[in-house]
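The analysis underlying the following values was restricted to heavy atoms, covering all of them including side chains, and did not include hydrogens, waters or symmetry mates. Counting starts at 1 for both ligands and their atoms, in listed order. A quick note: this is a predicted structure, and the numbers were derived from the prediction, not measured.
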Amino acid sequence: MEYTTLGSTGLKVSKLCFGTWGIGGAGWDDNSEEVRLAAIREALESGINFFDTAPAYNGGAAEKLIGKALKESGKRKDCVIVTKCGSDFVDGQYVHDGSGRHIRAQIDRSLQNLQTDYIDVYLLHWPDEEVPVEDTFGALKEIRDAGKVRFIGVCNHSPEELAAAEKICPVDVVQEHFSMLVQDRIPTLSYAAEKGMGTMAYGVLGGGMLTGRYRTLETYDEMDSRGSFYTFFQEPGFSKAMKLLTRLDRIAAECGTSLPELTLRWTMEKDFVTTVLFGAQKAERVRANVKAMSLRLSPEKLAAIDRAIAQEFAAEA
Ligand SMILES: NC(=O)c1ccc[n+]([C@@H]2O[C@H](COP(=O)([O-])OP(=O)(O)OC[C@H]3O[C@@H](n4cnc5c(N)ncnc54)[C@H](OP(=O)(O)O)[C@@H]3O)[C@@H](O)[C@H]2O)c1
(Lines give C-alpha, C1' and ligand atoms only; values in the text may rest on other atoms or scores of the structure.)
Protein backbone atom coordinates (compact mmCIF):
# COMPACT_ATOMS: atom_id res chain seq x y z
CA MET A 1 0.00 0.00 0.00
CA GLU A 2 1.09 3.58 -0.63
CA TYR A 3 0.30 6.25 1.93
CA THR A 4 -0.08 9.99 1.62
CA THR A 5 -0.88 13.00 3.77
CA LEU A 6 -4.49 14.10 3.63
CA GLY A 7 -3.75 17.75 2.90
CA SER A 8 -3.86 20.18 5.79
CA THR A 9 -5.21 17.53 8.21
CA GLY A 10 -1.72 15.96 8.36
CA LEU A 11 -3.43 12.55 8.65
CA LYS A 12 -1.53 9.64 7.08
CA VAL A 13 -3.96 7.75 4.85
CA SER A 14 -3.75 4.97 2.30
CA LYS A 15 -4.02 6.21 -1.29
CA LEU A 16 -6.96 3.85 -1.70
CA CYS A 17 -9.96 4.62 0.48
CA PHE A 18 -12.62 1.98 1.11
CA GLY A 19 -16.12 3.28 0.25
CA THR A 20 -19.22 1.85 1.89
CA TRP A 21 -22.27 3.01 -0.04
CA GLY A 22 -22.85 -0.35 -1.73
CA ILE A 23 -21.61 -2.54 1.09
CA GLY A 24 -24.03 -0.85 3.50
CA GLY A 25 -26.90 -2.34 1.51
CA ALA A 26 -27.71 0.37 -1.03
CA GLY A 27 -29.86 -1.98 -3.07
CA TRP A 28 -27.41 -3.36 -5.60
CA ASP A 29 -25.90 -6.85 -5.52
CA ASP A 30 -26.55 -7.34 -1.81
CA ASN A 31 -24.32 -9.91 -0.13
CA SER A 32 -24.43 -11.62 3.27
CA GLU A 33 -22.92 -9.78 6.22
CA GLU A 34 -20.15 -12.39 6.43
CA VAL A 35 -19.12 -11.72 2.80
CA ARG A 36 -19.19 -7.96 3.38
CA LEU A 37 -17.20 -8.17 6.63
CA ALA A 38 -14.63 -10.32 4.82
CA ALA A 39 -14.18 -7.50 2.27
CA ILE A 40 -13.47 -5.00 5.05
CA ARG A 41 -11.03 -7.43 6.72
CA GLU A 42 -9.25 -7.84 3.37
CA ALA A 43 -8.98 -4.05 3.05
CA LEU A 44 -7.41 -3.82 6.52
CA GLU A 45 -5.02 -6.69 5.78
CA SER A 46 -3.91 -5.05 2.54
CA GLY A 47 -2.98 -1.89 4.45
CA ILE A 48 -6.03 0.28 3.72
CA ASN A 49 -6.52 2.49 6.77
CA PHE A 50 -9.02 4.92 5.26
CA PHE A 51 -12.80 4.26 5.38
CA ASP A 52 -15.58 6.42 4.00
CA THR A 53 -19.16 6.09 5.17
CA ALA A 54 -22.33 8.13 5.81
CA PRO A 55 -25.61 7.93 7.71
CA ALA A 56 -27.33 8.14 4.32
CA TYR A 57 -25.83 4.79 3.35
CA ASN A 58 -28.83 2.63 4.22
CA GLY A 59 -29.84 4.69 7.25
CA GLY A 60 -26.67 4.08 9.26
CA ALA A 61 -26.24 0.40 8.29
CA ALA A 62 -22.91 1.12 6.54
CA GLU A 63 -21.61 3.02 9.57
CA LYS A 64 -22.61 0.11 11.81
CA LEU A 65 -20.82 -2.40 9.59
CA ILE A 66 -17.59 -0.37 9.63
CA GLY A 67 -17.95 0.13 13.39
CA LYS A 68 -18.32 -3.61 13.88
CA ALA A 69 -15.38 -4.53 11.61
CA LEU A 70 -13.02 -1.97 13.16
CA LYS A 71 -13.99 -2.94 16.70
CA GLU A 72 -13.38 -6.61 15.90
CA SER A 73 -9.99 -5.80 14.31
CA GLY A 74 -8.80 -3.67 17.23
CA LYS A 75 -7.46 -1.21 14.61
CA ARG A 76 -9.78 1.76 15.16
CA LYS A 77 -6.96 4.04 16.33
CA ASP A 78 -4.81 3.13 13.30
CA CYS A 79 -7.63 4.01 10.92
CA VAL A 80 -9.04 7.25 9.58
CA ILE A 81 -12.84 7.30 9.47
CA VAL A 82 -14.77 9.69 7.29
CA THR A 83 -18.49 10.03 7.79
CA LYS A 84 -20.97 12.64 6.66
CA CYS A 85 -23.92 14.75 7.74
CA GLY A 86 -26.79 16.73 6.28
CA SER A 87 -28.23 13.74 4.42
CA ASP A 88 -30.05 10.67 5.57
CA PHE A 89 -31.99 7.70 4.27
CA VAL A 90 -35.48 7.50 5.77
CA ASP A 91 -38.28 5.12 4.72
CA GLY A 92 -36.51 4.28 1.49
CA GLN A 93 -35.86 7.92 0.53
CA TYR A 94 -32.69 10.02 0.50
CA VAL A 95 -33.41 13.24 2.42
CA HIS A 96 -31.31 16.38 2.86
CA ASP A 97 -31.30 18.59 5.95
CA GLY A 98 -28.19 20.69 6.49
CA SER A 99 -29.58 22.56 9.50
CA GLY A 100 -27.44 22.85 12.62
CA ARG A 101 -30.22 21.19 14.63
CA HIS A 102 -30.16 18.09 12.39
CA ILE A 103 -26.36 17.88 12.25
CA ARG A 104 -26.07 18.09 16.07
CA ALA A 105 -28.40 15.08 16.31
CA GLN A 106 -26.66 13.19 13.51
CA ILE A 107 -23.16 13.36 14.98
CA ASP A 108 -24.16 11.51 18.15
CA ARG A 109 -25.89 8.77 16.14
CA SER A 110 -22.83 8.37 13.89
CA LEU A 111 -20.50 8.07 16.89
CA GLN A 112 -22.78 5.36 18.28
CA ASN A 113 -23.07 3.50 14.95
CA LEU A 114 -19.30 3.58 14.47
CA GLN A 115 -18.63 2.51 18.08
CA THR A 116 -16.12 5.31 18.52
CA ASP A 117 -15.82 8.52 20.52
CA TYR A 118 -14.40 10.62 17.67
CA ILE A 119 -14.74 10.93 13.89
CA ASP A 120 -11.55 11.80 12.01
CA VAL A 121 -13.16 13.67 9.12
CA TYR A 122 -16.76 14.90 9.06
CA LEU A 123 -18.14 15.99 5.69
CA LEU A 124 -21.27 17.91 4.76
CA HIS A 125 -22.74 15.42 2.25
CA TRP A 126 -24.54 17.93 -0.01
CA PRO A 127 -25.00 21.71 0.12
CA ASP A 128 -28.45 22.63 1.43
CA GLU A 129 -29.72 25.80 -0.25
CA GLU A 130 -32.64 25.99 2.17
CA VAL A 131 -30.35 26.57 5.16
CA PRO A 132 -28.10 29.61 5.77
CA VAL A 133 -24.46 28.58 5.45
CA GLU A 134 -23.80 30.15 8.89
CA ASP A 135 -26.23 27.68 10.51
CA THR A 136 -24.67 24.59 8.88
CA PHE A 137 -21.01 25.51 9.28
CA GLY A 138 -21.53 27.17 12.65
CA ALA A 139 -22.79 23.79 13.95
CA LEU A 140 -19.89 21.95 12.29
CA LYS A 141 -17.37 24.30 13.93
CA GLU A 142 -19.06 23.79 17.28
CA ILE A 143 -18.90 19.98 16.88
CA ARG A 144 -15.24 20.18 15.96
CA ASP A 145 -14.44 22.48 18.87
CA ALA A 146 -16.19 19.99 21.19
CA GLY A 147 -13.73 17.28 20.02
CA LYS A 148 -16.36 14.98 18.48
CA VAL A 149 -14.66 15.33 15.09
CA ARG A 150 -11.09 16.20 14.20
CA PHE A 151 -11.54 17.82 10.78
CA ILE A 152 -14.39 19.22 8.70
CA GLY A 153 -14.93 18.91 4.97
CA VAL A 154 -17.52 19.02 2.22
CA CYS A 155 -18.76 16.94 -0.71
CA ASN A 156 -20.51 17.98 -3.90
CA HIS A 157 -19.71 21.69 -3.54
CA SER A 158 -18.81 24.25 -6.19
CA PRO A 159 -15.68 26.36 -5.53
CA GLU A 160 -17.99 29.29 -4.64
CA GLU A 161 -19.95 27.19 -2.11
CA LEU A 162 -16.67 25.94 -0.65
CA ALA A 163 -15.30 29.49 -0.32
CA ALA A 164 -18.48 30.58 1.51
CA ALA A 165 -18.12 27.66 3.96
CA GLU A 166 -14.48 28.49 4.64
CA LYS A 167 -15.47 31.94 5.91
CA ILE A 168 -17.27 30.28 8.83
CA CYS A 169 -15.32 27.11 9.59
CA PRO A 170 -11.91 25.75 8.53
CA VAL A 171 -12.43 23.22 5.72
CA ASP A 172 -9.65 20.63 5.38
CA VAL A 173 -11.10 17.94 3.09
CA VAL A 174 -13.12 17.86 -0.11
CA GLN A 175 -14.78 14.79 -1.63
CA GLU A 176 -16.07 15.05 -5.19
CA HIS A 177 -17.31 12.89 -8.05
CA PHE A 178 -14.44 12.33 -10.48
CA SER A 179 -13.78 9.58 -12.98
CA MET A 180 -12.94 9.00 -16.61
CA LEU A 181 -16.66 9.50 -17.22
CA VAL A 182 -17.44 12.43 -14.88
CA GLN A 183 -15.16 15.46 -14.96
CA ASP A 184 -17.33 18.46 -14.10
CA ARG A 185 -16.08 18.63 -10.50
CA ILE A 186 -12.44 19.19 -11.45
CA PRO A 187 -12.74 22.94 -10.61
CA THR A 188 -13.61 22.15 -6.97
CA LEU A 189 -10.89 19.51 -6.66
CA SER A 190 -8.31 21.89 -8.17
CA TYR A 191 -9.41 24.79 -5.96
CA ALA A 192 -9.15 22.54 -2.87
CA ALA A 193 -5.78 21.08 -3.87
CA GLU A 194 -4.35 24.55 -4.53
CA LYS A 195 -5.43 25.63 -1.04
CA GLY A 196 -3.72 22.60 0.51
CA MET A 197 -6.89 20.67 1.40
CA GLY A 198 -7.00 16.88 1.15
CA THR A 199 -9.06 15.69 -1.81
CA MET A 200 -10.99 12.44 -2.21
CA ALA A 201 -12.26 11.30 -5.62
CA TYR A 202 -15.43 9.18 -5.52
CA GLY A 203 -17.26 7.16 -8.18
CA VAL A 204 -13.85 6.51 -9.74
CA LEU A 205 -14.86 3.07 -11.01
CA GLY A 206 -18.02 4.62 -12.43
CA GLY A 207 -20.16 2.54 -10.07
CA GLY A 208 -18.54 -0.53 -11.66
CA MET A 209 -18.90 0.59 -15.29
CA LEU A 210 -15.18 1.31 -15.67
CA THR A 211 -14.25 -2.19 -14.44
CA GLY A 212 -15.61 -3.50 -17.74
CA ARG A 213 -18.07 -5.84 -16.06
CA TYR A 214 -21.11 -4.31 -17.81
CA ARG A 215 -21.19 -4.66 -21.58
CA THR A 216 -24.93 -4.72 -22.17
CA LEU A 217 -27.58 -2.22 -21.12
CA GLU A 218 -29.78 -3.43 -18.29
CA THR A 219 -32.66 -1.88 -16.38
CA TYR A 220 -32.37 -1.39 -12.65
CA ASP A 221 -34.75 -1.06 -9.69
CA GLU A 222 -35.73 2.44 -8.67
CA MET A 223 -33.54 2.18 -5.54
CA ASP A 224 -30.56 0.79 -7.43
CA SER A 225 -28.30 3.80 -7.91
CA ARG A 226 -26.69 2.31 -10.99
CA GLY A 227 -29.80 3.41 -12.85
CA SER A 228 -30.00 6.94 -11.45
CA PHE A 229 -26.92 8.37 -9.70
CA TYR A 230 -24.48 6.93 -12.25
CA THR A 231 -26.23 8.24 -15.35
CA PHE A 232 -24.14 6.22 -17.83
CA PHE A 233 -26.10 3.13 -16.79
CA GLN A 234 -28.80 4.63 -19.02
CA GLU A 235 -28.70 5.94 -22.57
CA PRO A 236 -27.17 8.08 -23.97
CA GLY A 237 -24.42 7.74 -21.33
CA PHE A 238 -24.19 3.97 -21.73
CA SER A 239 -23.15 4.12 -25.40
CA LYS A 240 -20.58 6.81 -24.59
CA ALA A 241 -19.17 4.64 -21.79
CA MET A 242 -18.98 1.62 -24.13
CA LYS A 243 -17.01 3.63 -26.71
CA LEU A 244 -14.56 4.76 -24.06
CA LEU A 245 -14.25 1.18 -22.76
CA THR A 246 -13.27 -0.01 -26.23
CA ARG A 247 -10.36 2.43 -26.20
CA LEU A 248 -9.46 1.58 -22.59
CA ASP A 249 -9.54 -2.18 -23.31
CA ARG A 250 -6.84 -1.58 -25.91
CA ILE A 251 -4.67 0.53 -23.58
CA ALA A 252 -5.08 -1.95 -20.70
CA ALA A 253 -4.00 -4.81 -23.01
CA GLU A 254 -0.93 -2.80 -24.13
CA CYS A 255 -0.04 -2.23 -20.46
CA GLY A 256 -0.71 -5.88 -19.55
CA THR A 257 -3.18 -4.86 -16.84
CA SER A 258 -6.88 -4.94 -15.98
CA LEU A 259 -9.42 -2.13 -16.35
CA PRO A 260 -9.92 -1.63 -12.57
CA GLU A 261 -6.14 -1.33 -12.07
CA LEU A 262 -5.75 1.03 -15.04
CA THR A 263 -8.65 3.19 -13.87
CA LEU A 264 -7.53 3.42 -10.24
CA ARG A 265 -3.88 4.15 -11.12
CA TRP A 266 -4.79 6.80 -13.73
CA THR A 267 -6.93 8.56 -11.11
CA MET A 268 -4.21 8.36 -8.44
CA GLU A 269 -1.81 10.12 -10.84
CA LYS A 270 -3.98 13.25 -11.09
CA ASP A 271 -2.31 16.05 -9.17
CA PHE A 272 -5.61 17.33 -7.74
CA VAL A 273 -6.45 13.91 -6.21
CA THR A 274 -5.04 12.91 -2.81
CA THR A 275 -6.92 9.62 -2.40
CA VAL A 276 -9.10 7.43 -4.55
CA LEU A 277 -12.29 5.82 -3.25
CA PHE A 278 -13.62 2.50 -4.42
CA GLY A 279 -16.66 0.54 -3.30
CA ALA A 280 -16.51 -3.25 -3.11
CA GLN A 281 -18.53 -5.88 -1.32
CA LYS A 282 -16.26 -8.87 -1.78
CA ALA A 283 -12.70 -9.63 -0.64
CA GLU A 284 -11.72 -10.74 -4.16
CA ARG A 285 -12.60 -7.30 -5.55
CA VAL A 286 -10.51 -5.61 -2.85
CA ARG A 287 -7.55 -7.86 -3.82
CA ALA A 288 -8.06 -7.00 -7.50
CA ASN A 289 -8.15 -3.25 -6.80
CA VAL A 290 -5.15 -3.21 -4.47
CA LYS A 291 -3.08 -4.54 -7.40
CA ALA A 292 -3.29 -0.99 -8.79
CA MET A 293 -0.66 -0.11 -6.19
CA SER A 294 2.01 -2.04 -8.07
CA LEU A 295 0.97 -0.76 -11.51
CA ARG A 296 3.09 2.00 -13.03
CA LEU A 297 1.82 3.89 -16.08
CA SER A 298 4.29 5.77 -18.26
CA PRO A 299 3.60 9.44 -19.10
CA GLU A 300 2.81 8.25 -22.67
CA LYS A 301 0.17 5.78 -21.47
CA LEU A 302 -1.36 8.35 -19.10
CA ALA A 303 -1.51 10.79 -22.02
CA ALA A 304 -3.10 8.11 -24.23
CA ILE A 305 -5.85 7.62 -21.63
CA ASP A 306 -6.38 11.40 -21.39
CA ARG A 307 -6.67 11.56 -25.19
CA ALA A 308 -9.19 8.69 -25.26
CA ILE A 309 -11.33 10.49 -22.68
CA ALA A 310 -11.01 13.85 -24.46
CA GLN A 311 -12.10 12.24 -27.74
CA GLU A 312 -15.26 10.84 -26.12
CA PHE A 313 -16.05 14.16 -24.39
CA ALA A 314 -15.42 16.04 -27.63
CA ALA A 315 -17.72 13.65 -29.51
CA GLU A 316 -20.46 14.45 -26.98
CA ALA A 317 -20.11 18.27 -27.25
N1 LIG B 1 -19.88 12.02 -1.22
C2 LIG B 1 -20.76 11.53 -2.05
O3 LIG B 1 -21.78 12.17 -2.39
C4 LIG B 1 -20.55 10.14 -2.59
C5 LIG B 1 -21.34 9.68 -3.66
C6 LIG B 1 -21.10 8.40 -4.14
C7 LIG B 1 -20.12 7.61 -3.57
N8 LIG B 1 -19.40 8.09 -2.51
C9 LIG B 1 -18.37 7.25 -1.84
O10 LIG B 1 -17.49 6.73 -2.82
C11 LIG B 1 -17.45 5.31 -2.73
C12 LIG B 1 -17.14 4.73 -4.09
O13 LIG B 1 -18.22 4.95 -4.97
P14 LIG B 1 -19.25 3.80 -5.34
O15 LIG B 1 -19.11 2.67 -4.40
O16 LIG B 1 -20.59 4.42 -5.47
O17 LIG B 1 -18.80 3.43 -6.82
P18 LIG B 1 -17.43 2.87 -7.46
O19 LIG B 1 -16.40 2.70 -6.45
O20 LIG B 1 -17.17 3.71 -8.65
O21 LIG B 1 -17.93 1.44 -8.00
C22 LIG B 1 -18.40 0.47 -7.11
C23 LIG B 1 -18.86 -0.71 -7.95
O24 LIG B 1 -17.72 -1.27 -8.60
C25 LIG B 1 -17.70 -2.65 -8.37
N26 LIG B 1 -16.30 -3.09 -8.30
C27 LIG B 1 -15.33 -2.65 -7.46
N28 LIG B 1 -14.16 -3.22 -7.73
C29 LIG B 1 -14.39 -4.07 -8.78
C30 LIG B 1 -13.55 -4.95 -9.53
N31 LIG B 1 -12.25 -5.07 -9.27
N32 LIG B 1 -14.13 -5.68 -10.53
C33 LIG B 1 -15.46 -5.56 -10.80
N34 LIG B 1 -16.29 -4.74 -10.13
C35 LIG B 1 -15.76 -4.00 -9.13
C36 LIG B 1 -18.42 -2.86 -7.05
O37 LIG B 1 -18.93 -4.16 -7.03
P38 LIG B 1 -19.52 -4.91 -5.73
O39 LIG B 1 -20.25 -3.85 -4.92
O40 LIG B 1 -20.42 -5.94 -6.29
O41 LIG B 1 -18.35 -5.46 -5.00
C42 LIG B 1 -19.52 -1.81 -7.15
O43 LIG B 1 -20.61 -2.29 -7.90
C44 LIG B 1 -18.83 4.97 -2.15
O45 LIG B 1 -18.88 3.64 -1.65
C46 LIG B 1 -18.96 6.04 -1.11
O47 LIG B 1 -18.19 5.73 0.04
C48 LIG B 1 -19.57 9.35 -2.04
Side-chain angles (χ1 to χ4, degrees), residues 16-32 35-36 38-40 42-43 46 48 50-58 61-63 65-66 81-89 94 96 121-128 153-157 173-182 185 188-189 199-215 218 220 224-233 241 245 252 257-265 267 273 275-293 295:
L16 286 178
C17 175
F18 189 93
T20 63
W21 190 14
I23 207 171
W28 74 80
D29 297 341
D30 292 337
N31 288 281
S32 71
V35 168
R36 293 180 288 136
I40 301 171
E42 182 65 35
S46 67
I48 292 175
F50 199 20
F51 293 87
D52 178 76
T53 187
Y57 299 163
N58 200 9
E63 289 185 327
L65 193 73
I66 286 296
I81 299 179
V82 178
T83 193
K84 312 190 186 85
C85 61
S87 289
D88 230 320
F89 186 70
Y94 289 102
H96 298 295
V121 181
Y122 201 44
L123 307 177
L124 179 67
H125 208 152
W126 292 90
D128 186 346
V154 298
C155 313
N156 305 305
H157 275 54
V173 178
V174 161
Q175 186 180 119
E176 295 292 334
H177 200 169
F178 172 69
S179 73
M180 293 176 180
L181 290 163
V182 177
R185 287 296 182 173
T188 305
L189 289 165
T199 64
M200 306 172 68
Y202 79 70
V204 163
L205 295 174
M209 181 66 77
L210 289 163
T211 66
R213 68 191 259 196
Y214 305 99
R215 301 286 178 162
E218 292 170 32
Y220 298 96
D224 185 327
S225 306
R226 279 173 298 198
S228 49
F229 189 80
Y230 292 114
T231 53
F232 32 80
F233 280 88
L245 279 185
T257 191
S258 68
L259 281 180
E261 287 172 62
L262 188 84
T263 305
L264 292 167
R265 177 49 75 182
T267 315
V273 171
T275 70
V276 170
L277 281 142
F278 71 88
Q281 298 192 40
K282 293 189 177 142
E284 72 212 44
R285 298 215 204 288
V286 176
R287 277 193 291 277
N289 294 343
V290 166
K291 281 193 194 155
M293 302 318 298
L295 176 68

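Residue His125 has at least one heavy-atom neighbour below 4.0 Å for each of these atoms of ligand 1: 1 (N), 2 (C), 3 (O). Ligand-side atoms of ligand 1 in range of Lys84: 1 (N), range being under 4.0 angstrom from any heavy atom. Which parts of ligand 1 touch Asp52 is read off a 4.0 Å heavy-atom cut-off, strictly below it: atoms 9 (C), 46 (C), 47 (O). Every atom of ligand 1 with a heavy atom of Cys155 under 4.0 Å away is listed here by number and element: 1 (N). Residue contact check: Val204 has heavy atoms under 4.0 Å from atoms 20 (O) of ligand 1.
For Asn156, every heavy-atom contact with ligand 1 shorter than 4.0 Å involves the side chain, none the backbone. Here Gln281 has heavy atoms under 4.0 Å from ligand 1 in both its backbone and its side chain. Contact annotation for Leu205 and ligand 1: heavy atoms of both the backbone and the side chain come within less than 4.0 Å of the ligand. Counting heavy atoms closer than 4.0 Å to ligand 1, residue Leu123 contributes nothing at all.
Put simply, part of Tyr57 is less than 4.0 Å from ligand 1, judged by heavy atoms.
Considering backbone and side-chain atoms alike, Phe278 places every N or O at 3.5 Å or more from each N or O of ligand 1.
Between Tyr94 and Trp126, the distance from one ring center to the other does not fall under 6.0 angstrom.
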